[in-house]
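A, B, ... follow the sequence lines: proteins, then strands. Residue 1 opens every chain.
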There are 2 protein chains.
Amino acid sequence: MPRVTKNYKDRKKEIVDTATRLFTTIGYENTTIERIIEEMSVAKGTFYYYFPSKEAILESVANNILDDLINNAQGLANNTQISISQKLEMIFSPTNNSNKTAQEITETLHHTENSKLHQKINVNLVLRLSPILVEIIEQGINENLFEVEKPLETVQFLLVGAQFLFKEQLFSWDKDEYKQRRLAMKQILERSLGSEEDFFKFLL
Amino acid sequence: MPRVTKNYKDRKKEIVDTATRLFTTIGYENTTIERIIEEMSVAKGTFYYYFPSKEAILESVANNILDDLINNAQGLANNTQISISQKLEMIFSPTNNSNKTAQEITETLHHTENSKLHQKINVNLVLRLSPILVEIIEQGINENLFEVEKPLETVQFLLVGAQFLFKEQLFSWDKDEYKQRRLAMKQILERSLGSEEDFFKFLL
DNA sequence: TATAGCTTGACTGACGGTCAGTCAGGATAT
DNA sequence: ATATCCTGACTGACCGTCAGTCAAGCTATA
């Protein structure tokens with residue numbers, strides 16, 4: 001095989017990109033290191049020069065996916081043009097996923113046996129997204145839209161529920177079951193955050 | 001190796017028991033088929049005579065663990081001696097796990113590298129435990145202790161939150177972080193279920 | 001032209017899974 | 001009673017796959 005030398009950063013990014021594509025396409029467990037290097041046309045050793053294990057690149061991929069997601073959310077939180085209600089809609093709405101990466105996650109990633117990747121992403125999603133969400137909630141508290149004692153912890157609980165119940169393909173709800181659960185979540189959100197009724201009408 | 005013949009049911013149970021013990025001790029991924037058969041003193045083929053794959057026995061083990069859990073909960077729901085508050089405490093309390101199997105789950109199972117087993121158990125736990133929980137909630141509604149529009153769907157959301165945030169070792173909260181999250185859950189439960197304040201004081 | 005950084009690919013060992021064959025003990029025929 | 005056949009549980013050598021290793025080779029650049 002002809003030898004192509006690249007600098008550290010570029011090669012590493014190339015590996016992460018390739019792995020990300022494969023993990024989100026055919027799943028973590030179905031992706032072999034051999035497949036990754038084959039698609040990159042490099043040798044086995046090259047992969048292990050950059051990553052000590054398959055777990056390690058899972059970590060990188062998960063963080064990469066999350067970085068995008070968090071950046072989007074942070075942009076949303078900072079945006080003064082958008083109403084609080086709309087911000088929450090874009091984060092909580094089970095159907096609406098504006099950003100491309102979230103699409104990847106919800107659609108392709110979740111089909112199969114990807115529990116390891118899921119877990120890594122979900123845990124960090126909750127930990128990293130919740131502070132941003134709290135910024136939004138606190139805007140709402142200042143405007144007397146909400147009333148909660150423990151915004152951060154409350155938001156984390158709600159996020160976990162939303163994430164695992166809707167975003168994952170773990171539960172295969174049909175259309176009506178899905179709607180019923182959305183309605184329940186609407187009430188839970190409104191009551192937990194102490195908003196007025198129908199504040200989360202986008203969940204109707 | 002000397003040949004020992006047993007009847008189908010006994011041998012199958014023996015395999016499930018051995019696998020359960022190993023899965024909950026050293027984890028699913030760390031448990032090899034070879035280890036299972038070694039501990040049973042049977043040959044590889046014997047295992048595959050009873051189970052078509054490692055996944056298949058995971059399924060059996062998960063269901064087994066759940067059966068115990070669900071039976072306990074159902075017994076609890078049917079028990080007329082215990083107050084509704086106490087029943088909910090025993091199911092929702094993050095620390096109190098009376099039954100042995102739940103102990104196994106929370107302590108050993110969750111170490112790491114068990115995402116597959118976790119997911120299988122959690123999903124089915126939510127699906128199977130929620131109807132039982134609804135029985136209890138509806139007792140409460142009759143006694144005017146609660147007011148909720150969609151008990152089943154609400155309970156499922158709350159269960160998911162409690163399960164993933166507390167029962168798993170996914171988030172490694174320290175003592176105080178733990179307490180804060182319990183307090184947040186207390187308010188969420190009380191508000192979502194429309195109970196009076198401090199109904200869930202066991203979470204204090 | 002020396003060397004640090006990058007790359008190669010043959011090799012290893014672990015593990016899930018396969019399969020042809022063994023064997024005890026029960027049923028059936030003589 | 002006993003020879004023959006059959007079934008269902010069991011055996012273990014073997015296979016393919018795949019993560020991870022390593023000694024050696026190339027190449028940019030100082």
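- With A/Phe202 as the aromatic partner, A/Lys186 does not meet the cation-pi criteria of under 6.0 angstrom to the ring centre and within 45 degrees of the ring axis.
- Residue A/Tyr50 is in sugar-phosphate contact alone, with no base atom involved, counting any heavy-atom pair closer than 4.0 Å across all strands shown.
- The distance between the ring centers of B/Phe146 and B/Phe199 falls below 6.0 angstrom.
- The side chain of A/Lys44 has C/dA10 as its nearest neighbour among C/dA10, C/dG17, D/dT27.
- Regarding contacts with the backbone of C/dT7, every side-chain N or O of A/Tyr49 stays at 4.0 angstrom or more from both OP1 and OP2.
- As judged by a 4.0 angstrom heavy-atom cut-off over every strand, A/Phe47 is placed among residues making no nucleic acid contact.
- Between B/Arg11 and the phosphate of D/dC10, there is a side-chain N or O to OP1/OP2 separation shorter than 4.0 Å.
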Audit row: A/Gln180, B/Lys150, side chain to side chain donor-acceptor pair (under 3.5 Å) steps and yes/no:
CA-CA 8 Å; A/Gln180 299 306 313; B/Lys150 304 203 163 294; 2.7 Å; yes

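- Within the nucleic acid shown, A/Lys54 comes within 4.0 Å of sugar-phosphate atoms alone, with no base atom in reach, counting heavy atoms only.
- What separates CD1 of B/Ile36 from C1' of C/dC15 is a distance of 12 Å, to the nearest Å.
- Phosphate proximity of D/dT11 to B/Thr46: present, with a side-chain N or O under 4.0 Å from OP1 or OP2.
- For B/Tyr48, the listed nucleotide lying nearest its side chain is C/dG16; candidates were C/dG16, D/dA19, C/dT7.
- Among the nucleotides C/dC15, D/dC10, D/dT27, the one closest to the side chain of B/Thr5 is D/dC10.
- Taking 4.0 Å as the cut-off between side-chain N and carboxylate O, A/Lys9 and A/Glu14 do not count as a salt-bridged pair.
- The CD1 atom of A/Ile37 sits 12 Å away from the C1' atom of C/dT7 (whole-angstrom rounding).
- Closest to the A/Arg3 side chain, of the nucleotides D/dC18, D/dC26, D/dT11, is D/dC26.
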